[in-house]
Amino acid sequence: MLGFACICNTLKDSGRFKTVTVKTLTKLSDEDQAKKLKATAVDNLYNSLQILKWCKENDILMYRFSSDIIPLATYVESWHWWEDGDVQNMCSKIKSFVEENKIRISLHPDQFCVLNSDKPHVVQNSIKHLEYLNTLSNMIGNKLLIIHTGSTVGGKEKAIQRFIESFSLLSKDIQSKLALENDDKSFGALDVLPICETLGIPMIFDIHHFNCLNTGESLSDLRQRIINTWKGRRPKMHLSSGKTGFNDRHHGDYINEEDYRAALKFAGEDFDIMLECKQKELALLRIRENEACSHTS
DNA sequence: CTCGGTCAAGGATAC
DNA sequence: GTATCCTTGACCGAG
């Protein structure tokens with residue numbers, strides 16, 4: 001099964017997300033601030049639902065939500081978004097739709113969520129960010145929050161220890177949703193696997209990140225260990241192509257043929273594949289077209 | 001209207 | 001320490 005992330009180009013404006021800047025917000029009265037934040041949040045939730053419906057119509061049953069649905073979620077104290085009736089209403093519509101259609105959903109915190117930072121305030125902010133995403137997750141029926149290990153300050157060993165310490169500070173609810181993904185610069189598959197095994201959380205295998213960062217380990221050696229971290233749940237992996245070549249860290253617009261074949265080979269019958277390329281759903285549709293062509297020829 | 005500098009949030013790197 | 005870049009999509013002020 002294939003899925004895509006965040007934006008749906010096909011839906012034009014209703015396939016994207018709006019946000020609010022602090023600069024704009026501070027020019028408004030308290031009342032107008034709440035109005036603006038609410039209008040944006042409800043709009044973003046509505047658009048998320050439109051994308052899910054589009055997915056269903058197109059037989060795409062895996063989707064990753066934008067993490068920016070609630071604007072300035074952990075920054076503004078004046079509006080309790082989770083207590084807003086209209087927000088709750090939109091969330092429950094999303095939750096029902098996801099459950100009825102068995103769509104596999106997930107959320108990624110942004111890059112500034114660094115659980116293993118050496119700066120205590122950064123860890124606190126990261127936990128706040130995860131708490132926001134966890135609350136939203138419970139409202140829309142999401143069970144998977146995918147994060148990276150984070151910083152390497154002080155060396156990888158110490159950084160991993162800090163990650164494990166921060167993990168222990170999280171609520172059980174958040175812990176049960178977290179999955180850890182290998183990255184392309186610092187923490188490779190062989191760094192992430194032991195952390196996942198220690199903490200008992202699933203590992204998201206990103207095959208493009210693996211291509212950018214590995215120490216010569218073979219895919220076949222990793223495969224079963226990764227599957228084991230999912231403890232019977234169906235594993236999920238990420239796929240993208242380098243913009244200018246095999247191990248260019250920048251993501252390309254589409255998935256190229258060789259990368260797709262390699263991912264399919266790794267996935268076998270076991271993994272769902274989340275596409276992470278610039279052209280989102282268009283890349284997924286292109287893969288399908290190519291497969292249809294090769295079947296008929 | 002379009003364009004391009006800017007934006008809550010962190011980190012890595014070079015000096 | 002400080003400056004600068006990484007990186008993403010949308011904002012927003014200038015023209």
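All of these numbers come straight from a predicted model, not from anything done at the bench. All chains are named by letter (A, B, ...) in the order of the sequence lines, taking the proteins before the strands, and each is independently numbered beginning at 1.
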Does A/S151 make a side-chain N or O approach to OP1 or OP2 of B/dA12 shorter than 4.0 Å? yes
Looking at every strand, decide which applies to A/S126 at a 4.0 Å heavy-atom threshold: base, sugar-phosphate, or nothing. nothing
Can you figure out which of C/dG13, B/dG10, C/dC11 approaches the side chain of A/K27 most closely? C/dG13
Identify the nucleotide, in any strand shown, that forms a Watson-Crick or G-U wobble pair with C/dT8, with both distances under 3.5 Å; if there is none, say none. none
Touch check for A/A73, heavy atoms < 4.0 angstrom, all strands: base, sugar-phosphate only, or nothing? base
Between A/D272 and A/K236, does any NZ, NE, NH1 or NH2 come within less than 4.0 Å of an OD or OE carboxylate oxygen? no
Rounded to whole angstroms, how far apart are CG on A/N125 and C1' on B/dG10? 10 Å
C/dT7, OP1 or OP2 - any side-chain N/O from A/R249 closer than 4.0 Å? yes
Using a strict 4.0 Å threshold on nitrogen-to-oxygen distance, state whether A/D32 and A/K27 make a salt bridge. no
Test of ring centre spacing under 6.0 Å for A/H148 and A/H108: no
Determine the Euclidean distance between corresponding P atoms of C/dT7 and B/dA14; express it in Å to zero decimal places. 15 Å
Ignoring backbone atoms, establish whether A/R16 has a side-chain N or O less than 4.0 Å from OP1 or OP2 of C/dA10. yes
Rounded to whole Å, please give me the gap between NE2 in A/H250 and C1' in C/dT7. 8 Å
Interatomic distance, A/H251 NE2 vs C/dT7 P [rounded to whole Å]: 10 Å
Side-chain ion pair, A/D270 and A/R234, N-O less than 4.0 Å: no
Close residues, residues 30-48 of chain A, relative to DNA chain C [heavy-atom separation under 4.0 Å]: none
Tell me whether the OP1 or OP2 atom of B/dA9 has a side-chain N or O from A/H129 closer than 4.0 Å. no
Side chain of A/S117 (C-beta onward), nearest among B/dA12, B/dG11, B/dA8: B/dG11
Look at A/K185 and B/dT13 and indicate whether a side-chain polar atom (N or O) is within less than 4.0 Å of OP1 or OP2. no
Is there a side-chain polar atom (N or O) of A/K119 under 4.0 Å from OP1 or OP2 of B/dG11? yes
A/I70 CD1 to B/dA8 P: how many Å, rounded? 18 Å
Over how many whole Å does the gap from A/L25 atom CG to B/dA9 atom P extend? 15 Å
When the distance from NZ of A/K156 to C1' of B/dG11 is rounded to whole Å, what number comes out? 16 Å
Is there a Watson-Crick or G-U wobble partner for B/dA9 with both distances under 3.5 Å, and which nucleotide is it? none
Touch class at under 4.0 angstrom, heavy-atom based, for A/V153 against every strand present: sugar-phosphate
Can you figure out which of B/dG10, B/dA9, C/dG9 approaches the side chain of A/T74 most closely? B/dA9
A/F112 side chain, from C-beta outward: closest of B/dA8, C/dA10, B/dG10: B/dG10
Can you tell me how far the CG atom of A/L145 sits from the OG atom of A/S67, to the nearest 0.5 Å? 10.5 Å
Rounded to the Å, how far apart are A/D110 CG and C/dC6 P? 19 Å
The nucleotide from B/dA9, C/dT7, B/dA8 with an atom nearest the side chain of A/D68 is B/dA9
Which nucleotide, in any strand shown, forms a Watson-Crick or G-U wobble pair with B/dC1, with both distances under 3.5 Å? C/dG15
Looking at B/dG11, C/dT8, C/dA10, which one has an atom nearest to any side-chain atom of A/K278? C/dT8
Strictly below 4.0 Å: does A/K280 bring a side-chain N or O up to OP1 or OP2 of C/dG9? yes
With side chain to side chain contact (heavy atoms under 4.5 Å, CB included) as the criterion, how do A/T149 and A/L115 come out once you've worked through the C-alpha distance, each side chain's angles and the decisive distance to 0.1 Å? CA-CA 7 Å; A/T149 317; A/L115 269 183; over 6 Å; no
Return the 5'-most residue of the pair A/K23, A/G15 with respect to DNA chain C, ranking by each residue's nearest nucleotide. A/G15
A/E57/A/K53 salt bridge by N-O under 4.0 Å criterion: no
With a 4.0 Å cut-off on N to O distance, would you call A/R162 and A/D118 a salt bridge? no
Residue pair A/T21/A/Q111 against DNA chain C: nearer the 5' end by closest nucleotide is A/Q111
Salt bridge check, A/D173 against A/K177: does any charged N sit closer than 4.0 Å to a carboxylate O? yes
Using the P atom as the reference point in each nucleotide, state the distance between B/dT2 and C/dT8 in Å, no decimals. 25 Å
Rounded to the nearest angstrom, tell me the gap between atom NE2 in A/H208 and atom C1' in C/dT7. 14 Å
How far, in whole Å, is C/dG13 from B/dA8 if one measures between their P atoms? 12 Å
I need the A/I103 CD1 to A/I94 CD1 distance, nearest 0.5 Å. 10.5 Å
